[in-house]
2 protein chains.
Amino acid sequence: MSDTKQRPYHHGDLHRALIDTALAMLAADQTWAFTLREVARRTGVSHAAPYKHFRDKEALLRELARIGFVRLGQAMETALFPGLPSSREKFVAAAQACIAFACHSPGLYRLMFSADADKAADPRLHEAAMATFGVLLRLLQEGQQDGRFRAVSITAQAAASWAQVHGLAMLAMNGQLLEEKVGPDPVRAALDVLMDGLSQSSRKGH
Amino acid sequence: MSDTKQRPYHHGDLHRALIDTALAMLAADQTWAFTLREVARRTGVSHAAPYKHFRDKEALLRELARIGFVRLGQAMETALFPGLPSSREKFVAAAQACIAFACHSPGLYRLMFSADADKAADPRLHEAAMATFGVLLRLLQEGQQDGRFRAVSITAQAAASWAQVHGLAMLAMNGQLLEEKVGPDPVRAALDVLMDGLSQSSRKGH
DNA sequence: TCCTCCATGTTTACAGGGAAAACTTTTCTG
DNA sequence: CAGAAAAGTTTTCCCTGTAAACATGGAGGA
């Protein structure tokens, strides 16, 4: 409502603007209870405008979740970059990146795994989730190939690992891993328990 | 709406009736997106009646969650009853009971761990959740005392265990542990990975 | 016994919200 | 340059959560 050029009738990229607003609100409230009307309001358009870009509110939420999975995947990949020595270290780094992501964006993380982001309702969301999951799978495969992880069903290990990492993320996010209760680095400790289960044999102190 | 006696003005136990209706709807839809008005409708009272028993919708949801925790605790205790031999077997039994509970009542389970059942907002809910969590803690303690589990920080093990069990429950509930993908008994397999991490030494095939 | 109080219901009222429909303004395209 | 499609806006509908005011009937004291 100013500058030299006044806002044109067409927003330019309302699709993206709505997503950004919604992401901001999600980050601020840590909940997706916000109303679509409020998103529109803050974006400076009428309350019906969003419906030109998203079938309904859930469609917007699914898009947010999809972006979340993409970001999470990137965060995990980035954590791997430094070329860590062992499979074990790599795995731990990726897991910690996931948990850090959850702690940094709890609202988004929760949305990603909530029923309101129904993966069956959106192939793109499903695909993004699977791709991120794939990072974990790849690490397990590498671990098995270089002989550091026990050679049992990859998918069983993946289930265990994923469950562990996701569970830890939830606990950490909710502040249920307080230092007094659970030691100095509970995430590391819990991951060590997991890694001991995955590993070929050695039980050295990481 | 008939029988010989017509419903009196006072319902008798509307509090309980509302809970029952809501639990039924939760089980039917696997979501707590139902409206309070619909709950009232199905219970056969006016849409404002519930407010005499619950401050708001969330209060009802918290009560449902509390009941869920009580039931989950009972399910786990029951699973322990047969007097299983080793700590390991007991632990696995309790974990499986938890996962079975989640698969049987996915809506309730999800509600219990959702932000809509804010434990900070209701001491009774918080207490119930902690009591259920305590079952796990007790099993770990027993395991350490009889020397079958490694004697590291109980709370670290608890975090790892809880994360694992909860994570598996979520995956199982969402049907993401399909047999083709993950072997015949993925839960058992994943728990074995965990138990191997917890255990003192032996890596026998359970 | 009867009267009055209070918990428990009901009706009414209101401020939003989600979503559809109909209308308007740009932009794109043949 | 016409006209269709895209992207906004306004209007409208029905629904929800929740508060407030009113009604009812059972329990306890005069």
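Letters A, B, ... mirror the listed sequences (proteins, then strands); counts begin at 1.
Residues passing the ring-ring contact (aromatic ring centres under 6.0 Å, His included) test with B:F101, sequence neighbours excluded: none. Residues passing the salt bridge (charged side-chain N to carboxylate O under 4.0 Å, His left out) test with A:R110: none are found, sequence neighbours excluded. Every residue was checked against the side-chain contact (heavy atoms from CB on, under 4.5 Å) condition with B:T78, not counting sequence neighbours, and none meets it.
Among residue pairs with one or both ends in residues 92-104 of chain A, none qualify as side-chain hydrogen bond (donor to acceptor under 3.5 Å, both in side chains); sequence neighbours excluded. Listed by first and then second residue, the salt bridge (Lys or Arg N to Asp or Glu O under 4.0 Å) pairs involving residues 14-23 of chain A are A:R16-A:D20 (not counting sequence neighbours). Screening residues 112-121 of chain B for side-chain hydrogen bond (donor to acceptor under 3.5 Å, both in side chains), with sequence neighbours left out, gives B:W32-B:D116. Applying the ring pair (Phe, Tyr, Trp, His ring centres under 6.0 Å) test to pairs two or more places apart or on separate chains, those with a residue in residues 63-86 of chain B are B:F69-B:F113. Note on residues 153-166 of chain A: no pairs pass salt bridge (Lys or Arg N to Asp or Glu O under 4.0 Å), not counting sequence neighbours. Pairs of residues two or more places apart, or lying in two chains, that qualify as ring pair (Phe, Tyr, Trp, His ring centres under 6.0 Å) and include a residue from residues 40-65 of chain B are B:H15-B:H53, B:H15-B:F54.
If you check residues 31-41 of chain B against DNA chain D, the residues with a heavy atom closer than 4.0 Å are B:T35, B:L36, B:R37, B:R41, listed by number.
A:H53 has a side-chain polar atom (N or O) that falls below the 4.0 Å cut-off from OP1 or OP2 of D:dG8.
With rounding to whole Å, B:K52 atom NZ is found 14 Å from D:dA23 atom P. For the pair A:Y51 OH and C:dA21 C1', the computed distance is 13 Å after rounding to whole Å. Separating the CE atom of B:M25 from the P atom of D:dT16 is a distance of 10 Å, rounded to the nearest angstrom. Between the CZ atom of B:F54 and the C1' atom of C:dG9 there is a distance of 15 Å, given to the nearest Å. Atom CG of B:L14 and atom C1' of C:dT10 are 12 Å apart (whole Å).
Proximity note for B:S46 (side chain, C-beta onward) versus C:dG18, D:dT10, C:dT10: the nearest is C:dT10. Side-chain proximity of A:A48 to D:dT10, C:dT10, D:dG17: nearest is D:dT10.
The shortest non-hydrogen separation linking B:L168 to A:A159 is CD2-O, 4.3 Å.
For A:H47 against D:dT10, a side-chain-to-base donor-acceptor contact under 3.5 Å is absent. B:H15 contributes no side-chain N or O that forms a donor-acceptor pair with the base of C:dT8 under 3.5 Å.
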Dump every N/O contact between nucleotides 4-6 of chain C and the protein below 3.5 Å, one line per pair.
none

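Heavy atoms of A:K57 sit under 4.0 angstrom from primed sugar atoms or phosphate atoms, though from no base atom.
Checked for salt-bridge contact, B:E89 and B:R188 meet the test: a charged N lies under 4.0 Å from a carboxylate O.
Taking the screw axis at each terminus of the helix from C:dT1-D:dA30 to C:dG30-D:dC1 from five consecutive base pairs, the angle between the two is 10° to within rounding of 10 degrees.
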